[in-house]
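Notes follow once the structure below has been shown.
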2 protein chains.
Amino acid sequence: MAKKKEIVEDVSAEEKLKEAARKVFTQKGYAATRTRDIAEEAGLNLALLNYYFRSKEKLFEIIMMEKLQQLFGIILPLANDPSTSLDEKLKAIASEYIDMLSANENLPLFILNEIRSNPERFVSKMQIAKIFSDSVMIKQIKEKRPDINPLHFVINILGMVVFPFIAKPILVTSGQADNKAFGALINERKKLIPLWVKAIMKAK
Amino acid sequence: MAKKKEIVEDVSAEEKLKEAARKVFTQKGYAATRTRDIAEEAGLNLALLNYYFRSKEKLFEIIMMEKLQQLFGIILPLANDPSTSLDEKLKAIASEYIDMLSANENLPLFILNEIRSNPERFVSKMQIAKIFSDSVMIKQIKEKRPDINPLHFVINILGMVVFPFIAKPILVTSGQADNKAFGALINERKKLIPLWVKAIMKAK
DNA sequence: AAATATTTTAATCAGTTGATTAAAATATTT
DNA sequence: AAATATTTTAATCAACTGATTAAAATATTT
């Protein structure tokens, strides 16, 4: 048997296809994506896709798991760090999340959409529950405001970070901000969000 | 020429198809919706759909305009009312929006998604810019915080109201809340959001 | 009630889409 | 270099999808 082919190209065909799939799937969603779109984006033949990944479904599964990890993987260790204060957590989450989402602007809408069309399938595979109920961060929130369901604050934190990226197409198309102004606005929020969250946690 | 056929059924075939289209389109999105799904949901033949609406595209256009009006139509008059204070506006927006979205839970994700895949097409048809830049509410926000881009606060208000509905599939599937608990949580936010927004507007 | 117009249906079409296949091209081993 | 294994391609398939059509059923007008 011959060994795996020497990689002479910059990137292997398989990786080219995965990269194309990342782009097209996150941009258009599963249903609107045709396997031919992916092959074309990769500059390769359609049959290659099925040769390497067996099916559109299987390729999507791979990309989706990657993207879920990308979106939820960041927050878990930050929210669960026993060595940081709540304020430090807020700063870290706002900063790191905003940086990551700036480089992957349509990641949130993509994930939220695919989860809605197939909830059990993907949510069960991530330790999402921990963010919302078992984390160190939740404990710290409960200490400060035992009178309010901590879920409210988690929703607010994530919403403040994520929602601008979800609303971006509307903001840009309705002329509220171009790409540059959006980037500047988003950057301001790294400092503002921790400030705001502290404020709403004190509000009575 | 005969006059329009007497409606003996409870609802006309045309309205049955529109109602089915509302349901299926908002649930699955344009791309994942097959015209046969809509016909079946309406309990009618596929040819009827093309007979009444000419094409999937045209039927979608009708539903989409309805849904845009439903989502953005509420907020414009509230945000632009010169007779109410900012605080009254916040209370009215939180309350009315949450009620409307409770009855149309997947409206936000549907709209945001379709706008992303076709921004110019739909945004231009709504006076969305007014919410963000020209409204009375924006003026009132500027008065209180001339040092911060008012867009931040509009994003926060809308995010606090809308984001829970977008995140609901994750919350429910990850076991954070069932439908009843989600409804209760959302209801609490009617009072909490105006409180929170006032708090973040004071935060320094 | 007959004639005319409208609504509804079943059958079918053409284009698209995910997937397969067999053969050609390329790489690896002997 | 010959033999063998792997990778890539063009051609093709079957199922699906949006749309059309012609005829049947129903309603309206005369």
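Note that the structure is predicted; figures quoted are calculated from it, not measured. In what follows, every chain begins at residue 1, and chains take the letters A, B, ... in the order their sequences are listed.
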Listed once per pair and sorted, the salt bridge (charged side-chain N to carboxylate O under 4.0 Å, His left out) pairs that draw on residues 163-174 of chain A, sequence neighbours left out: A:E105-A:K168
B:Y52 side chain near C:dT8 phosphate (N/O to OP1/OP2, under 4.0 Å): yes
By side chain to side chain donor-acceptor pair (under 3.5 Å) - contacts of B:K130 (at least two apart): none
Report the distance from atom CG of A:L44 to atom C1' of D:dT9, rounded to the nearest whole Å. 11 Å
A:P108 to A:F165 - nearest heavy-atom pair and separation: CG-CB, 4.4 Å
What stems involve DNA chain C, if each pair must be Watson-Crick or G-U and both of its distances must be under 3.5 Å, with 3 or more such pairs in a row? C:1-30 with D:1-30
Identify, with sequence neighbours excluded, every residue that meets salt bridge (charged side-chain N to carboxylate O under 4.0 Å, His left out) alongside B:K18. none
What pairs of donor and acceptor atoms, side-chain ones from residues 154-164 of chain B against any protein atom, are under 3.5 angstrom apart with sequence neighbours left out?
residue : atom : partner : partner atom : Å
B:N156  : OD1  : A:R189  : NH1          : 3.4
B:N156  : OD1  : A:R189  : NH2          : 2.5
B:N156  : ND2  : B:H152  : O            : 3.3

Reading nucleotides 10-25 of chain D 5' to 3', which nucleotides get B (base under 4.0 Å from a protein heavy atom), which S (sugar-phosphate only), which -? B------BBBBB----
Hits for salt bridge (charged side-chain N to carboxylate O under 4.0 Å, His left out) against B:K23, two or more places apart or cross-chain, chain-then-number order -> B:E41
List for me each residue that meets side chain to side chain donor-acceptor pair (under 3.5 Å) alongside B:D99, sequence neighbours excluded, and say none if there are none. B:K190
Could you tell me how far apart A:L17 (CG) and D:dT7 (P) are, to the nearest whole angstrom? 13 Å
Just to verify, what does A:D37 make a side chain to side chain donor-acceptor pair (under 3.5 Å) with, not counting sequence neighbours? A:K28, A:R34
Residues in salt bridge (charged side-chain N to carboxylate O under 4.0 Å, His left out) contact with B:K198, at least two apart in sequence or another chain: B:D87
Sequence neighbours left out, what passes salt bridge (charged side-chain N to carboxylate O under 4.0 Å, His left out) with A:E188? Give chain and number order. none
Using a strict heavy-atom distance below 4.0 Å, which residues from residues 59-68 of chain A are in contact with DNA chain C? none
A:E40 has an atom CD; how far is it from atom P of C:dT16, in whole Å? 14 Å
